[in-house]
Protein chains: 2
Amino acid sequence: MSTLPASPTPPRRTAADGATSRRRGVELTQAIYRATLEELAATSFEELSFEKIAPKAGTGKSVLYRRWSTTAELVLAALKDDEAGLGRPLMPDTGTLRGDLLVLLTRFARILEEPRGRALRPLLTQRPRHPELFEQVMTQVIAPHRAVLLERMRVAVERGQAGPERATERTAAIGPRLVVAESIDHGTVSDAEVQAIVDEVLLPLLNR
Amino acid sequence: MSTLPASPTPPRRTAADGATSRRRGVELTQAIYRATLEELAATSFEELSFEKIAPKAGTGKSVLYRRWSTTAELVLAALKDDEAGLGRPLMPDTGTLRGDLLVLLTRFARILEEPRGRALRPLLTQRPRHPELFEQVMTQVIAPHRAVLLERMRVAVERGQAGPERATERTAAIGPRLVVAESIDHGTVSDAEVQAIVDEVLLPLLNR
DNA sequence: AAAATAGAGGACGGAATTGTTTCTTAGTCT
DNA sequence: AGACTAAGAAACAATTCCGTCCTCTATTTT
């Protein structure tokens, strides 16, 4: 009854022909990161355990204990990873504020559909329970991405595409917040919804 | 170490002089509702159990099992309760759209600071894990409040205080969403923040 | 006043998890 | 080829948690 469907990641790795293989180094670490974020996305940080992650990554618990001593450490490492996690943000430059906003928010919306994006949810909404982890995720993972959005708004101000003094952290937060809210309510965020947020909410707000 | 600070609700009821009293009926039920929502607000629905609620309400587990058979039942009852939960929404009528929005959103912001408001968070953000409960909370608890906001917007349209065809469920969702987001990020939502949401985001959006 | 009801609290057995350890062997290095 | 490192899997003990039952007694009902 409580048995979950088999994890997306094959529980056991097999080589091309079916002979059993054994992953090492980066390959193994990536599999563990993915399993961690999947599990976190599906449950919560409280329920996260090496016990559940190991089989989902197709490995043994000892492999995890050898590399990280707590689930918080593992989660942070997974989120910071460029491949499995969120890594470094890309700076768009479409020439217009509208274009930059669409690129950034659409990209954000897509990531929220993946496990690595959903993994953020339990962390952010359960903030008071893990202040240290929350703080680290905030400064090491979220902040760089926020900075990019604010930066594009500042550039827009310089280009005269947005009213002066409108490029603040507060206004920069509105877009991502609405996208997250839509994601939570509908499970997905359509391109049309992103457009509506940009055209009907953000641009009117930022143009003076 | 894992012992939580004593619950706000006294674990044991004592009469005026210190003689031990024993609650019954409504009084007892209310205490259980409050304990339930407090516990839910502090943790998550997954971690909720009669075992934890009973001592927090200053009663025994058998009392709970006698009245509800599952935690989902109990949670829904608590949220629907007029006193302990959210109950029926109040319809404001200040004469202006701005006034109505300020009243509704400010009231919402205050409720989100209380346990009964925070109790909603784990339910809404963990939606896929309890579809039935989520559905019931949505239709029986949230929907009536949403309806009030939309209704005030419709009235504003009739009065010419808002552009036609602007009073949609989508636009009605923006205010509450931004309030929730601010609440999650900052733990509290100041009156100034509510004002900013109304004046800088909602009114520009709704006035045509 | 006596009987009946239901609250408070704890005991109990069982099921489910968890972190750690141990063991065998695949894959790597010299 | 032989030695070595680390992966994968399982055994282990300890803990936690759950639902039921039992006892005692405060409060209500007759």
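Being a predicted model, the structure only gives us computed values, none of them experimental. Protein chains get the first letters and strands the later ones, always in sequence-line order, with residue 1 at the start of each.
- OP1 or OP2 of D:dC17 has not a single side-chain nitrogen or oxygen of B:Ser49 nearer than 4.0 Å.
- Between the side chain of B:Lys61 and the base of D:dG19, at least one donor-acceptor pair of N or O atoms lies under 3.5 Å.
- Listed here is the closest heavy atom pair of A:Pro92 and A:Val103: CB-CG1, 3.8 Å.
- Applying the salt bridge (charged side-chain N to carboxylate O under 4.0 Å, His left out) test to residues at least two apart or on different chains, the pairs with a partner in residues 58-83 of chain A are A:Glu51-A:Lys61.
- Distance A:Phe50 CZ to D:dA9 P: 18 Å, rounded to the nearest Å.
- Distance, A:Ile53 CD1 to C:dT20 P: 14 Å, rounded to whole Å.
- The CD-C1' distance, from A:Glu51 to D:dA9, rounds to 12 Å in whole Å.
- One can place CD of A:Glu27 at 14 Å from C1' of D:dG8, the figure rounded to the nearest angstrom.
- Put simply, NE2 on B:His145 and CG on B:Leu150 are 15.0 Å apart, with the number rounded to the nearest 0.5 Å.
- In this entry the distance linking CZ of B:Arg24 with P of C:dT5 reads 11 Å, nearest Å.
- Rounded to whole Å, the distance from CD on B:Glu47 to C1' on C:dA16 is 16 Å.
- B:Phe108 is linked by a ring pair (Phe, Tyr, Trp, His ring centres under 6.0 Å) to nothing, counting only residues two or more places apart in sequence or in another chain.
- Proximity of B:Thr59 to the phosphate of C:dA8: a side-chain N or O atom is located under 4.0 Å from OP1 or OP2.
- Under 3.5 Å, the side chain of A:Arg22 and the base of C:dT25 form at least one donor-acceptor pair of N or O atoms.
- With sequence neighbours excluded, the residues that form a ring pair (Phe, Tyr, Trp, His ring centres under 6.0 Å) with A:Phe45 are A:His130.
- Of the two residues near DNA chain C, A:Leu48 and A:Ser62, the one whose nearest nucleotide lies more 5' is A:Leu48.
- Ranked by how close their nearest DNA chain D nucleotide is to the 5' end, B:Lys52 and A:Gly25 are led by A:Gly25.
- Looking at residues 63-73 of chain A, you'll see A:Val63, A:Arg66, A:Arg67 sit with a heavy atom under 4.0 Å from some atom of DNA chain D.
- Judged as a salt bridge (charged side-chain N to carboxylate O under 4.0 Å, His left out), the pairs with a partner in residues 138-150 of chain A (not counting sequence neighbours) are, in order, A:Arg146-B:Asp185.
- The shortest distance between the side-chain N/O atoms of A:Arg23 and the OP1/OP2 oxygens of D:dG8 is below 4.0 Å.
- The interatomic distance linking A:Leu28 (CG) with D:dA7 (P) rounds to 6 Å, in whole Å.
- When the ring pair (Phe, Tyr, Trp, His ring centres under 6.0 Å) test is applied to A:Phe134, no partner is found at least two apart in sequence or on another chain.
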